[in-house]
Amino acid sequence: MAPQKVRRAPRGAGSRSTRIAMEVRTRFAPSPTGYLHIGGVRTALFNWLLARRHGGQFILRIDDTDTARHVDDALTKIFEGMRWLGLDWDEGPDVGGAHGPYFQSQRTDNHVAAITQLLESGKAYPCETSTTELDELREAAKAAKRPFVFRGPNRDMSGSEALALWKEKQCAVRFKVPQGKTTVLLDAIRGAVEWRTDMLGDFTIARDGGKPLYNLASIVDDIETKITHVVRAEEHLSNTHPQLLIAEGLGAPLPTFAHVPYVAAPGGKKKLSKRNPPPGVMVALEEYEQAGYLPEALVNALARLGWSLDDHTEIMSRQTIIENFSLDRVTSAPAGLDPDKMYWIQDQYMTALPADEKIELMMPFLVRAGLVADPPTPEQKAVVAKIEKACGDRLKLLSDIIRYGAMFLREELVIDPKAMKHLRKPGAEEVLAKLHATFATLEPFDLATIEAAVNDVREETGVGGKINHFLRASTTGETVGPGVFDCIEILGREKVLKNIETAREKIAAEAG
RNA sequence: GCCCCCUUCGUCUAGUGGCCCAGGACAUCUGGUUCUCAGCCAGAAGAUCACCGGUUCGAAUCCGGUAGGGGGUACCA
């Protein structure tokens, strides 16, 4: 009789409301590599959302077992990135908690205790087979086109013998994989996944010298920190088989597992990597911050990458996402990062952001660009407020304030080559002279009066609509920007007159 | 090689046997608004649901196989 294939529960079949009744504890366990990968951040977000959805705890653990160098700096990156995105953790290296320590490297005693328990109960055995011998066996199996399934010679040792031998030799330890059995994982995203234990060799859980290996450490930590839902990247799916066997060997209750697909590079199915990202694609979280993305926008965008609320909702507040998040609506196929859509989502959030908050967030970008003082003077603040208002929807990223603000904030006029092209057109010089004369005495120097005055000059000179181009190019040095009359008003009479003069000199210099 | 996972418009997705000759969004294209840009409004185009076979009155949805992509096969994490 063929085993009934277990299907995923229908979407939304309960977990959205009451399926998970017990306490939920999730974790994010990054390695301190020096940056937060955007795909890893999404995994962190899903864990965080699940915990918040069910009023549970989100734990930050640092999987630092093989990185001794520069951990401090990498740690700072992790903390700062998570905090910036608003993914707060209830237990972790810096805040502590009842199940610490939260550095994997500091849990070695727990791992060794688990190894000892497995040895003692006859679930594992010390193995002295050398790596060179193993390599030969592997090669031989490959040559014979047989799968390589290794079982060590000490496999049938008694628990006490095994323990004694290991204490004496501190050699590698292998898990004694039971034979003829099938392991079934009920993955919250993928449904039932089965493995036959006969396909799995006796994997090592400690290397020669006694150092615990990842598969052992990972599941032991999850068990001991009382993690209820292990939500992690799909590359760990294969690791789950040995981890399940270890948990079973330890007699420990199992967490629920959910394997989320990897994040692919835009337009493809290739995994997004930091090593060779496609041009213009940002992989590290900090790049998004530096580019001027809003944390709320990024949360929304990342949530939509592999998860959906329904068949039409794209823009959702953090609260809405929390209230509706469930693993059964996470896709099982990899999702390519879509920079265009992220940008669009960012646009939606920027548009909705109140002006004063936007200004507050944009100011540091101007400070870093050297366009305002640190701290900005009251005058500069006032100008920036005017710029923001005039720019309106044109500000998509916080950093856009640099692009649009420079023409108002810098002292000297800088004329873009495209703007210069306008100024070289016949009649420009003459019109500018007229405008200069008009502006010099214009009272009051405000939007309505400026506009009316420019209209008069246009009719007087008969240049038509081109006058706006001349005006924009000569006063801002740009061809794009906010409405030209807004620009004039923001610049103020003094600067407008000065800039027009500068522009005329340039024109004359080129002509002469 | 062997094991496991994945496969719906260019992209993110909806879809769990009839409501789907497949819906939404981004991107694209066209028209309108406009001093530029960005917007905004209106519209268009875009998917033989990877492929082949089966079950069924009926399949994107269930079953089998094939192909392609990904992960694992470490005394890495």
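As the structure is a computational prediction, the values presented were derived from the model and not from experiment. Order of the sequence lines fixes the chain letters, A, B, ..., with proteins taken first and strands second; residue numbering starts at 1 for each chain.
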Margin query: With a cut-off of less than 4.0 Å, is there a side-chain N or O of Arg207(A) near OP1 or OP2 of rC76(B)?
Written below: yes

Check: Can you tell me how far P of rA77(B) sits from CD1 of Ile62(A), to the nearest Å?
Finding: 16 Å

Please tabulate, for the side chains in residues 261-271 of chain A, all donor-acceptor contacts under 3.5 angstrom to protein atoms that are two or more places apart in sequence or on a different chain.
{"unit_1": "Tyr262(A)", "atom_1": "OH", "unit_2": "Lys269(A)", "atom_2": "O", "d": "2.6"}
{"unit_1": "Lys271(A)", "atom_1": "NZ", "unit_2": "Glu235(A)", "atom_2": "OE2", "d": "2.9"}

Note to self: Can you identify which nucleotide, out of rU36(B), rG24(B), rA14(B), has its nearest atom closest to the Arg329(A) side chain?
What the structure shows: rA14(B)

Check: Can you check the Leu200(A) CG to rC3(B) P distance for me, whole Å?
Finding: 13 Å

Notebook entry, point to check: Under 4.0 angstrom, heavy atoms only, what part of the nucleic acid is Gly481(A) near: base, sugar-phosphate, or nothing?
Noted result: base

Note to self: Assess whether a salt bridge exists between Arg107(A) and Asp221(A), defined as any Lys/Arg side-chain N lying under 4.0 Å from an Asp/Glu carboxylate O.
What the structure shows: yes

Check: rC5(B) base to Arg190(A) side chain: any donor-acceptor pair below 3.5 Å?
Finding: no

Note to self: Classify Asp340(A) by what it touches in the nucleic acid, base, sugar-phosphate, or nothing, heavy-atom distance under 4.0 Å.
What the structure shows: sugar-phosphate

Margin query: For Arg27(A), is there an ion pair with Asp222(A) - N to carboxylate O distance below 4.0 angstrom?
Written below: yes

Notebook entry, point to check: Considering every strand shown, what is the Watson-Crick or G-U wobble mate of rC2(B) when both distances are under 3.5 Å?
Noted result: rG72(B)

Note to self: Just to be sure I understand the rule, does Asp393(A) reach a base, reach only the sugar-phosphate, or reach nothing, if contact means heavy atoms closer than 4.0 Å?
What the structure shows: sugar-phosphate

Note to self: Do Lys274(A) and Tyr35(A) form a cation-pi contact, if we require the NZ or CZ to be under 6.0 Å from the six-membered ring centre and within 45 degrees of the ring's axis?
What the structure shows: yes

Notebook entry, point to check: Among rG24(B), rC5(B), rC76(B), which nucleotide sits nearest the side chain of Leu213(A)?
Noted result: rC76(B)

Margin query: Both distances below 3.5 Å, Watson-Crick or wobble geometry, any strand: find the nucleotide opposite rU34(B).
Written below: none

Check: Quick one: do Arg458(A) and Asp456(A) make a salt bridge, cutoff under 4.0 Å?
Finding: no

Note to self: Taking Lys434(A) first and then Glu460(A), would you say they form a salt bridge - that is, a charged N and a carboxylate O separated by under 4.0 Å?
What the structure shows: yes

Check: Lys396(A) near the nucleic acid: base, sugar-phosphate alone, or nothing, with a heavy-atom cut-off under 4.0 Å?
Finding: sugar-phosphate

Check: How would you label the contact of Asn239(A) with the nucleic acid (heavy atoms, under 4.0 Å): base, sugar-phosphate, or nothing?
Finding: base

Notebook entry, point to check: Which part of the nucleic acid, if any, lies within contact of Tyr343(A), taking any heavy atom under 4.0 Å across all strands shown: a base, the sugar-phosphate backbone alone, or nothing?
Noted result: nothing

Notebook entry, point to check: Gly209(A) near the nucleic acid: base, sugar-phosphate alone, or nothing, with a heavy-atom cut-off under 4.0 Å?
Noted result: nothing

Check: If pairing requires Watson-Crick or G-U wobble contacts with both distances under 3.5 Å, which nucleotide is the partner of rU28(B)?
Finding: rA44(B)

Notebook entry, point to check: Can you tell me how far P of rC76(B) sits from CG of Asp208(A), to the nearest Å?
Noted result: 10 Å

Next item on the list: Could you check how far CD of Gln346(A) sits from P of rA25(B), rounded to whole Å?
Entry: 21 Å

Next item on the list: Between rU7(B), rU13(B), rC75(B), spot the one nearest the side chain of Ala335(A), thanks.
Entry: rU13(B)

Notebook entry, point to check: Reckon Lys211(A) has a side-chain N or O less than 4.0 Å from the OP1 or OP2 of rA77(B)?
Noted result: yes

Checklist line | Sugar-phosphate only, base, or nothing, as touched by Val484(A) at under 4.0 Å among non-hydrogen atoms | finding: base

Note to self: For rC21(B), give the paired nucleotide (Watson-Crick: N1-N3 plus N6-O4 or O6-N4; G-U: N1-O2 and O6-N3; both under 3.5 Å), or none.
What the structure shows: none

Note to self: Any strand counts, and the cut-off is 3.5 Å on both contacts for Watson-Crick or G-U wobble. Which nucleotide pairs with rG64(B)?
What the structure shows: rC52(B)

Note to self: Under 4.0 Å, heavy atoms only, any strand: does Pro482(A) hit a base, just the sugar-phosphate, or nothing?
What the structure shows: base

Notebook entry, point to check: Touch check for Glu235(A), heavy atoms < 4.0 angstrom, all strands: base, sugar-phosphate only, or nothing?
Noted result: sugar-phosphate

Note to self: Using a 4.0 Å heavy-atom cut-off, does Thr129(A) contact any base of the nucleic acid, only the sugar-phosphate backbone, or nothing at all?
What the structure shows: base

Checklist line | Arg138(A) vs rA74(B): side-chain N/O to OP1/OP2 distance below 4.0 Å | finding: yes

Notebook entry, point to check: Does Ser308(A) place a side-chain N or O at less than 4.0 Å from the phosphate oxygens OP1/OP2 of rA14(B)?
Noted result: yes

Notebook entry, point to check: Within this structure, what is the CZ-to-P distance between Arg394(A) and rC40(B), rounded to whole angstrom?
Noted result: 13 Å

Notebook entry, point to check: So which one's nearest nucleotide on RNA chain B is more toward 5', Ser130(A) or Leu395(A)?
Noted result: Leu395(A)

Checklist line | Value in whole Å for how far the P atom of rA14(B) lies from CH2 of Trp307(A) | finding: 11 Å

Margin query: Whether Thr331(A) contacts rU13(B) is assessed here as follows: a side-chain N or O lying under 4.0 Å from the phosphate OP1 or OP2. Is that the case?
Written below: yes

Margin query: Please pick, from rA77(B), rG24(B), rU7(B), the nucleotide with the shortest atom-to-atom distance to any side-chain atom of His312(A).
Written below: rG24(B)

Next item on the list: Would you kindly give the OH-to-P distance between Tyr214(A) and rG72(B), to the nearest whole Å?
Entry: 11 Å

Check: When you match Gln348(A) and Leu237(A) each to their closest nucleotide on RNA chain B, which lands nearer the 5' end?
Finding: Leu237(A)

Check: Arg174(A) side chain N/O closer than 4.0 Å to the phosphate oxygens (OP1, OP2) of rC75(B)?
Finding: yes

Margin query: Salt bridge check, Lys418(A) against Glu478(A): does any charged N sit closer than 4.0 Å to a carboxylate O?
Written below: no

Note to self: Using a heavy-atom cut-off of 4.0 Å across all strands, would you classify His259(A) as base, sugar-phosphate, or nothing?
What the structure shows: nothing

Margin query: Quick check for you: among rC5(B), rC2(B), rA77(B), whose closest atom lies nearest to any side-chain atom of Pro147(A)?
Written below: rC2(B)

Notebook entry, point to check: Which whole-number value in Å describes the distance from Leu337(A) CG to rC26(B) C1'?
Noted result: 13 Å

Check: Can you check whether Trp307(A) and Phe325(A) have ring centres sitting under 6.0 Å from each other?
Finding: yes

